[in-house]
Amino acid sequence: MSSDRVLVVIGRTRHKMVTIELQEAVKRGTKFIELRLDFLAKAIDFKRLTPYKQCPWVATLRRPADGGRFPGTEPERQVILRQAIVSGVFEWVDLETDIATAIPRFGKVKRIISYHNLSETPANLEDIYANMLKQDGDVYKLAVMAQTPEDMVRVLKIQQSAPKPTVAFCIGDIGQPSRFLALRYGAPWIYAAFNKERGIAPGLPSLDDFKTTYPIRTLTPSTQIFGLVGDPVSHSYSPLLHNQIYQRLGVNALYLPFRVPRGMLPQAIEAYGHIPVSGYSVTIPHKEAAAQLARESELNVQITQAANTLIRLPDGVFAAANTDYGAAIDSLKAHLAERAHEGPVTQLSQLSVLILGAGGAARALAFGLHREGAQITITGRTYERAQKLAEEVKCKAVDWHARHSISCDVLVNCTPVGLHPNVDEAPCHFSIMKPGMIVFDTIYTPETTLLLREAKGRGCYTITGVDMFVRQAARQIELFTGLTPNIAEMREIIRKALSPLTRAFQTEDEENQSNDEAEKQANENEPG
């Protein structure tokens, strides 16, 4: 995949910032740029931009109705578009289908005929596209909002059967995978934001994403597709981890995030069968639904009634696995083994465990710990759910408000409380944590949550979610590819990716400590 098939979008309000990003984009190897002229706050000065031209440019002046920012009238916009075409600065121009006929072709400037719909995937999209093909274009672009998985599949079918060069994809979280899959199905390029913070379009990946997370350079029609289904999925590091490991293993595969709202998993899996997706990692809130959906399942899925992995079988149905189950128990056993120098290795059967939460991860831990003989207590913010899980596991449940009265050797957080960006939250009062207790947080973003930071400060042993995350992902990769990845390499990849987040919290801790010391000093100096 050559870099000229990534169309890098630059949109800034000031000419000076545009020129800075133009230079930086070229330094990073960019060979094709779309200038979003509608972002500029002042009158567009083509001459000011020309000295920074080092690769082909696309001129785009988008209306607000199509996701743009141009504040003027439609006649004014069309005048500027004509000026861009004749300026000699641009090799391409983007023209919406409703005005494309009114602005004739000029010279060697190529034309993108586009249709944008920021609210839906219209029922007559196929007709709209058919009419666009009658217009004088070099490339045809469809960008519509996906409300359902079926919307995304409809758009991809258009891309797959396109008779002329076409870039067809969905905007928004539900449709984000289509941006990459369009390239797999023959789109001439994929759009990428140079600066992700500019908010150019919903779901638009950044140029950096292609370097760290999505290896589109190797994307071909034969590339296998794997993915993460859940809601939300945008925070997950699974795409980064899986894709980097596939590359190291020499596997021609791409792993994508599929946002699937609660209750929509069966229809999503059916719809994405047209892609097809060869396997899924499953996260909140679909783990129990995934177990019910599979035709075949591992014993631990049958025990827990929850699955975090679906593997497509040759006949198109799915087998289910629960890699959380083994990963969680292995993380605890590895921690206990590491403490062997303190004396005889403690067995899980000797420990009492308080599990916070009653979702998919909690189910895996509860059943796994029960099998090891641990004494388990479960609590959840919805008591009925915690009680139901406790009855299945044959252990004790307590009301959420009574969780601080439970004495335990191991405290495990299986709730999302403390997950980035809500990093100043914790799932319990810190007073529950006593020296020598093991505190295990299944959250891995950030790796050291507020709960774990406080636990360390109170003399507790801690286990981060990174270990469990890496172990469950390694097993998934093995199920997907038949190859065994290097777990140490996987830990290194995740910790490197998390390092900016870790540094941010360390800085915050230092600031808080500094503030505390300043307050203490002020109190000491306060006249008494």
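For this chain, numbers begin at 1 and follow the sequence in order.
- Between the CG atom of Leu61 and the CZ atom of Arg82 there is a distance of 12.5 Å, given to the nearest 0.5 Å.
- Between Phe70 and Leu37, the closest side-chain pair of non-hydrogen atoms is not below 4.5 Å.
- Here Tyr444 contributes atom OH and Leu241 contributes atom CG; the two are 8.5 Å apart, rounded to the nearest 0.5 Å.
- Here the shortest heavy-atom pairing between Thr213 and Leu240 reads CG2-N, 3.5 Å.
- In this structure, a donor-acceptor pair under 3.5 Å is absent between the side chains of Tyr129 and Asn131.
- Remark: Glu91 CD to Ile33 CD1 distance equals 10.5 Å, nearest 0.5 Å.
- Here the side chains of Thr121 and Met145 are not in contact, with every heavy-atom distance at 4.5 Å or above.
- Between Glu24 atom CD and Asn195 atom CG the span is 10.5 Å, to the nearest 0.5 Å.
- Using a 4.0 Å cut-off between charged side-chain N and carboxylate O, Asp94 and Arg62 make a salt bridge.
- Between the side chains of Gln224 and Asn252, no donor N or O sits under 3.5 Å from an acceptor N or O.
- The ring pair (Phe, Tyr, Trp, His ring centres under 6.0 Å) analysis of residues 240-260, with sequence neighbours excluded, yields the pairs Phe226-Tyr246, His242-Tyr246, His242-Tyr255, Phe258-Tyr272.
- Counting heavy atoms from C-beta on, the side chains of Gln176 and Arg259 never come closer than 4.5 Å.
- Here the CG-OG1 distance, from Leu479 to Thr323, works out to 7.5 Å after rounding to the nearest 0.5 Å.
- Every pair passing salt bridge (charged side-chain N to carboxylate O under 4.0 Å, His left out) that includes a residue from residues 148-157 is listed here, sequence neighbours excluded: Glu126-Arg154.
- For the atom pair OG1 of Thr60 and CG of Leu35, the computed distance is 8.0 Å after rounding to the nearest 0.5 Å.
- For the pair Arg69 and Phe39, the cation-pi test (distance below 6.0 Å, angle within 45°) is passed.
- Ion pairing between a basic and an acidic side chain is recognised when a charged N comes within 4.0 Å of a carboxylate O; Asp467 and Arg491 show such pairing.
- Between Thr415 and Asn413, the side chains place a donor N or O and an acceptor N or O closer than 3.5 Å (distance only, hydrogens not considered).
- Between the side chains of Gln135 and Thr97, at least one donor N or O lies within less than 3.5 Å of an accepting N or O.
- Side-chain atoms of Asp441 and Thr449 form a donor-acceptor pair, as typed in the model, at a separation below 3.5 Å.
- Judged by distance alone, the side chains of Glu96 and Ser114 never bring a donor and an acceptor atom under 3.5 Å apart.
- For residues 198-222, every residue pair satisfying the ring pair (Phe, Tyr, Trp, His ring centres under 6.0 Å) rule, not counting sequence neighbours, is listed here: Phe180-Tyr214.
- When each of Trp57, Phe90, Tyr52 is paired with Phe46, the ring-ring contact (aromatic ring centres under 6.0 Å, His included) condition holds for Phe90 and for no other.
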